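To start, the structure itself, in structure tokens.
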Protein chains: 2
Amino acid sequence: MVDDRIELLKGTLDMLILKAVAMQPMHGYAIALRLGQLSRDFFQLQQGTLYPALHRLEDRGLLRSKWYESETGREAKFYALTRKGRRHLEAEMYNWQRMIKAVALVLRAAD
Amino acid sequence: MVDDRIELLKGTLDMLILKAVAMQPMHGYAIALRLGQLSRDFFQLQQGTLYPALHRLEDRGLLRSKWYESETGREAKFYALTRKGRRHLEAEMYNWQRMIKAVALVLRAAD
DNA sequence: TCCAATGCCTAGAATATCTACTCATTGAAA
DNA sequence: TTTCAATGAGTAGATATTCTAGGCATTGGA
């Protein structure tokens, strides 16, 4: 039995969501579509991944939500970054860059 | 209360361990030191992280272990890559590159 | 004699993520 | 007119990863 499961998110989900919302306030469904487009379909968020993450981020005070009418005329819950969320996003992006550099150092090692 | 905890590994632990061992068979303690050196101390593996991971990788047939005398003259459990482990490492590295490219696409997005 | 370094290990908790659902509305195609 | 895809939000439960916080034993040097 082969383990073909590809680990996609690697703990970047929060950062990706925050980044999407930083571009402009969006509802959950739109966030999933957006991250799909931007990543050329690499990220295809499942709802069971997305919504709990949104709630988590709101509970932590990084996002704030409000119901508005969506583009299609239906009610949808729009998320926006809080100031804390913006700071957090910046910190996450910084750490992400440090992290992938550290990984690159290891992977490139010859010895 | 600020959440300062930095998530370091992001699911790359297995890949990092396999890469270290791919360079040359090593015992656990040496793997931790090695990954520390190579990453300029970014990765500082705790033993409670390292040893369960090694056992996991061995259970999955990606590593094989044997007791030998270490550099210091003590007994230590040396791990080596299996063929399956080598294939797995290559796949993980490939997926990792795809993944960080996808993240980069999102993070660089302007809109 | 005592401590730091070397070396291996486990238990338990917290988190993140995935699978697999539920529920409701709308619009268009058959 | 029924039916299906798309839009939109959600939960429950399982699994895997990682961390904290310990334990144990040996060695060499201060």
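Labels below follow one simple rule: chain letters A, B, ... track the order of the sequence lines, proteins then strands, and each chain is numbered from 1. Predicted model only: the values in this text are computed from it and were never measured.
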Pick base, sugar-phosphate or nothing for B:E71, based on heavy-atom distances below 4.0 Å to the nucleic acid.
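Result for B:E71 = sugar-phosphate.
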Rounded to whole angstrom units, what separation is found between the [atom1] atom of [X] and the [atom2] atom of [N]?
| X | N | atom1 | atom2 | result |
| --- | --- | --- | --- | --- |
| A:L45 | D:dA9 | CG | P | 13 Å |
| A:Q44 | C:dT19 | CD | P | 11 Å |
| A:L13 | D:dA16 | CG | C1' | 16 Å |
| B:F43 | D:dT17 | CZ | C1' | 15 Å |
| A:K77 | D:dT7 | NZ | P | 20 Å |
| B:H27 | C:dG7 | NE2 | P | 4 Å |
| B:Q46 | C:dC8 | CD | P | 16 Å |
| A:L57 | C:dA16 | CG | C1' | 12 Å |

Could you list the residues that satisfy side chain to side chain contact (heavy atoms under 4.5 Å, CB included) with B:A109, not counting sequence neighbours?
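With neighbours one apart ignored, the set is A:M23, A:L38.
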Kindly write out the residues that satisfy side chain to side chain contact (heavy atoms under 4.5 Å, CB included) with B:R64, not counting sequence neighbours, or none if the list is empty.
B:T82
Let me know, please, whether B:L33 or B:Y79 comes out on the 5' side of the other along DNA chain C by nearest nucleotide.
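It is B:L33 whose nearest nucleotide is closer to the 5' end.
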[X] [atom1] to [Y] [atom2] distance, which is reported to the nearest 0.5 Å:
| X | Y | atom1 | atom2 | result |
| --- | --- | --- | --- | --- |
| A:E90 | A:L18 | CD | CG | 11.0 Å |
| A:K10 | A:M99 | NZ | CE | 8.0 Å |
| B:F43 | B:L50 | CZ | CG | 13.5 Å |
| A:Y79 | A:M26 | OH | CE | 13.0 Å |
| A:D14 | A:L54 | CG | CG | 9.5 Å |

What residues form a ring pair (Phe, Tyr, Trp, His ring centres under 6.0 Å) with B:Y29, not counting sequence neighbours?
none
Could you list the residues that satisfy ring pair (Phe, Tyr, Trp, His ring centres under 6.0 Å) with B:Y51, not counting sequence neighbours?
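Result, ring pair (Phe, Tyr, Trp, His ring centres under 6.0 Å) vs B:Y51: none returned.
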OP1 or OP2 of C:dT15 sitting under 4.0 Å from any side-chain N/O of A:R56?
no
Just N and O in the side chain of B:K10: are any of them under 4.0 Å from OP1 or OP2 of D:dT18?
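No, because none of the side-chain N or O atoms of B:K10 sits under 4.0 Å from OP1 or OP2 of D:dT18.
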Between protein and nucleic acid, restricted to nucleotides 25-30 of chain D and to nitrogen or oxygen atoms under 3.5 Å apart, what atom pairs and distances do you find?
unit_1	atom_1	unit_2	atom_2	d
D:dT26	O2	B:R74	NH2	2.1

Expected rows: protein N/O vs nucleotides 11-15 of chain D N/O, under 3.5 Å:
unit_1	atom_1	unit_2	atom_2	d
D:dT11	OP2	A:H55	ND1	3.4

